[in-house]
Each structure stands twice: as structure tokens, then as C-alpha cells.
There are 2 protein chains.
Amino acid sequence: MGLRERKKLHTRRAIAAAALRLFAERGYEETTIADIAQAADVSPRTFFSYFPSKEDVVFAEIDERLAEVREGVAQRPPGETPLESMRRIVFAMIEAIAAAHGEYGAIQVQLILERPSLQARALKRMNDTEQHVVERLTELSPDLDEIDAVVIAGALVGGMKAVITHCRAHGYAPAATREAVDRALAIVEHGLGSVPALNRPVP
Amino acid sequence: MGLRERKKLHTRRAIAAAALRLFAERGYEETTIADIAQAADVSPRTFFSYFPSKEDVVFAEIDERLAEVREGVAQRPPGETPLESMRRIVFAMIEAIAAAHGEYGAIQVQLILERPSLQARALKRMNDTEQHVVERLTELSPDLDEIDAVVIAGALVGGMKAVITHCRAHGYAPAATREAVDRALAIVEHGLGSVPALNRPVP
DNA sequence: CCAATATATACACTGAGTGCGAACTTGCAG
DNA sequence: CTGCAAGTTCGCACTCAGTGTATATATTGG
């Protein structure tokens, strides 16, 4: 990795960190791009060569983790059933979200919850992830009907969203979270278990 | 209904119609609020007393129909099981979406599909509807755990989204749509059928 | 017809986001 | 080390969405 790329990554992180810090200190609306740029020691114009909009900077860290999850999903032990794969994906994502509760994680979550426009963007990201799951699913089980794959992905992501919603309302106690995941998966699986293609291992 | 309210509704519709027409003619980005205001014969400032943002005007008609659906969901025949209620809601919504394919419906759908920001807003509306379903569900079955209700709503709305996605890809042929709905519901229900609270009729 | 109230508009302003060309930095080849 | 090509930052000028406010105009109820 050359100097150029390292610098870029550093600048990107500096901008994101400065933005999140300012958002936390004085609020989202009250922070301008100019403020962020100044705090990160770049020109206002440069901000937009790293993030296409002010809203996107909130998702900087989340997007990084999401990319990791997608990588991880790619390689999968042989003999694993599609259903098991799906369970693994869901757990990886929940874990990724929980892990995001680091330095600025709490601020991100709070911002997203209280700004409808950020909520909308978060949902869009979930939807994109869902599309990804559909692709992966049809790849794993070529004999699976497209409509079935779409429904299954929807149910899975819906379940995930349910867990997040539930945890938000009841705090992120690990035991409660685990229980929520188990319950959600149990419910969804009872329906999913009846799709034969999902329970046949692939070579 | 007084003159004042009639006029307001008329202006609202005029603005929405002008906006959709201009979006169709020259594109979304290429149409400014000033253009819309001029076409609807109001001042630019007035636009914002009817719609909070340029994006919201795209959803004007959809929101009207969604409100109708919520009304319809409210009164429900006695003895109907929660599961039957849910099926009724899903069908009503699918129907509402299909009905929106009127004068400007096609333009709306096209706009939403090709602008990520509009997609995000559409998903937010779906999510809000999902919240509504959760509320209604816990109201209908007080003995239903919250987490279960959230998962069920998620699965239902996920299924709905799946149907829409599928229909979009395969055209809106009525037969195909009906089949998609049946398949989606069948899949979801196989899971949902195992939740006892859902199959007990309420007084 | 009058007064209270709701609505429309004009005006001025902030801030997000874009296009462009100039200045600068890095990577690489000779 | 040196200079050239490519990538990156920056300043500047601009458009447009969206807001606050004060003023004018229309509607309603009495």
C-alpha cells in the first residue's frame, strides 16, 4: 500500500472522526461542512471528494464493517446447508452492529434514530444488503425460485431489523440480545424449514 | 368542508400534478422548486407550506392511499383471527400499490427506482407502516410477546416488499402478481402458523 | 360589515453540493 | 536527481433547497 493510499485513508478517517465528534458536541444540524473541514484540517471542497454528502459521513464506519461482513460471507465451509449459511450471515451482521458500539458507535446510533432522513438512509443500506443476500442465495441454491429467495431474504433481514429494534428498546444486554436473535431465527426458520431446497447441502 | 379546505386540497393536488408532469417531461434534477411553483401558479415559498421537501411531493398520492389503507385496517370483522387480519392488510396494500399505477403512477415508480435518495424515502415509509402493523398486532393479541410481534411484522412487510420486487422485475401481469402474493404468504405463514397466539380468534 | 384568523407572498438569508481550473504532491522512468 | 505524468487538494463562483420573518390578502364567524 503506497503512501498515497495511506494518506487518503488517514484523511478519510480524520474527516469522519472530526464530523462525529462535532455532531456529538453541538448536534448534526448545528454542524456545517465548513466546521468539519476546519476540524479535520482540509478544505470544505475536499470533504466532498471523500463523502458524497454530509449524511454519508455518519455511515463511514458502518459501511466499513458491512464490507467486511460481505467478504466473510463469501467463503463458506463445504457441506454447509444454505440455511446454516444464512444463520451465519445473520449472526455476523448482528455482531458487526454490536461491535460498532465503540468510540463513536453510540453517537451514530443516536443520530440515525432521531433524524428521519438518516433513518431512511440506514434502511436503504439494509435493503442493499438484502439484495446482496438474494444474490448469494440464488448462487448457493440454483434450483431455488427467485420469488422464494426474495421472500426468504426479506424475512431474514426483517428478523434482523426486529432484533435491532427490540434491543434498542431494551438496552443492549448481551443475554437479552442473544435471546432475541434466537427467538427471531426460530420464528423465521419454522417457515423457512419447509423450503426443501434450503435443507439440501451443496457440494 | 369549507371553502378554505377545498382550496387547500386543490392547491395541493395542483402542485403535485405540476411537479410530476415536469419530472416526467424534463427529469427530477432538472426541475427546480421555482419551476414547479410557476407551473402550479403559486409562489416558491408556498410550495413548502404544502410539502416539506422536493422529495415528498413524489409520494403525495402514495401517502393518500396509504392513509386510506390504515383507515380500512382499523375496522375489522369480529371473530377474525390475527393471521387473517394480517392477510387482509397485505392484500389491501398490494392492491393500493397496484391502483397507484394510474395517471402519474408509472412516473412515480420510475423516479423512485432510479433515485437512491427516493428509494431510501420509500423504504422509510415502508418501515413506518411496519411500525404501524406492530402496534395493531400487539393491540389485537395482547398476549403476544413484543419481539414476536416485531418479527412477524418484519416478515410480513418483507414478504410484501418481495412481491413488489418480483413484480417489478416481471411486469405487473395480474396472474403473476397473484401467484407471487400466494407464494410469499405461504412461505411466511408456514413460519407464522407455529405461533399459537396468532391462530386464536379475538372477541 | 367587522374583527379574528388562516393563508399567500416577497425578501433576505444559510448551507449543501457541483464544476472548473490552478497549484501542489506523489510515483515513476530515465 | 530530475523532470514528467497522474492524482489530489484547493479556492472560487455558482445553483438550488429550505427557513425565518414581516406584510398583504382572503376566509370565517359574529
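A note on names: the letters A, B, ... follow the listed sequences, proteins ahead of strands, and every chain is numbered from 1. Side chains included, hydrogens not; waters and symmetry mates left out as well; all remaining heavy atoms used. Computed from a predicted model, the values in this text were never measured in an experiment.
Contacts of A:Arg21 classified as salt bridge (Lys or Arg N to Asp or Glu O under 4.0 Å), with partners at least two apart in sequence or in another chain: A:Glu25.
Look at CD on A:Glu55: it is 13 Å from C1' on D:dA17, rounded to the nearest Å. For A:His10 and D:dT9, the NE2 to P distance is 13 Å, given to the nearest whole Å. Taking atom CZ of residue A:Phe48 and atom P of nucleotide D:dA13, one finds them 18 Å apart after rounding to whole Å. Regarding B:Arg26, its CZ atom lies at a distance of 11 Å from the P atom of D:dC16, rounded to whole Å. Spacing between atom CG of B:Asp56 and atom P of D:dA17 amounts to 14 Å, rounded to whole angstrom units. For the pair B:Leu9 CG and C:dT7 P, the computed distance is 13 Å after rounding to whole Å. When the P atom of C:dA16 is taken as reference, atom CZ of A:Arg115 falls 13 Å away, rounded to whole Å.
Within residues 12-20 of chain B, no residue has any heavy atom under 4.0 Å from DNA chain D. Proximity of residues 31-47 of chain B to DNA chain C (heavy atom under 4.0 angstrom from any strand atom) is restricted to B:Val42, B:Ser43, B:Arg45, B:Thr46.
No donor-acceptor pair closer than 3.5 Å links the side chain of B:Glu55 to the backbone N or O of B:Leu118. For B:Thr129 (side chain) and B:Arg125 (main-chain N/O), a donor-acceptor pair under 3.5 Å exists by modelled atom type. No donor-acceptor pair closer than 3.5 Å links the side chain of B:Asp63 to the backbone N or O of B:Ala60.
For the 3.5 Å distance criterion, the side chains of A:Thr46 and A:Ser43 qualify, holding a donor opposite an acceptor.
Residue A:Tyr50 has a polar side-chain atom (N or O) positioned under 4.0 Å from OP1 or OP2 of D:dT9. The phosphate of C:dT7 (OP1 or OP2) has a side-chain N or O of B:Lys8 nearer than 4.0 angstrom.
Closest heavy-atom contact between A:Ser53 and A:Phe48: CA-CE2, 4.4 Å.
Side-chain contact between A:Ile62 and A:Ile112: present, with at least one pair of heavy atoms (C-beta onward) separated by less than 4.5 Å. Inter-residue side-chain proximity for A:Glu64 and A:Arg13 is flagged as met; some heavy-atom pair is nearer than 4.5 Å. Counting heavy atoms from C-beta outward, A:Asp35 and A:Arg26 have side chains that approach closer than 4.5 Å. Between A:Arg121 and A:Asp56, the closest side-chain pair of non-hydrogen atoms falls below 4.5 Å.
Among A:Val42, A:Leu20, A:Thr31, the one residue that satisfies the side-chain contact (heavy atoms from CB on, under 4.5 Å) test with A:Ile36 is A:Thr31.
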Enumerate all atom pairs, one protein N or O and one N or O from nucleotides 22-25 of chain D, separated by less than 3.5 Å.
none

Do any N or O atoms of the protein come closer than 3.5 Å to N or O atoms of nucleotides 28-30 of chain D, and which pairs are they?
unit_1	atom_1	unit_2	atom_2	d
D:dT28	OP1	B:Leu3	N	2.7
D:dT28	OP1	B:Arg4	N	3.0

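Counting only residues at least two apart or in different chains, ring-ring contact (aromatic ring centres under 6.0 Å, His included) contacts with residues 22-41 of chain B comprise B:Phe23-B:Tyr28.
In this structure, A:Gln38 places its CD atom where only 12 or fewer heavy-atom neighbours from other residues, nucleotides or ligands lie under 6.0 Å away.
At least one test fails for A:Lys124 against the ring of A:Phe59: distance under 6.0 Å to the centre or angle within 45° of the axis.
Comparing B:Lys7 and B:Tyr28, the nucleotide of DNA chain D nearest to each residue sits closer to the 5' end for B:Tyr28.
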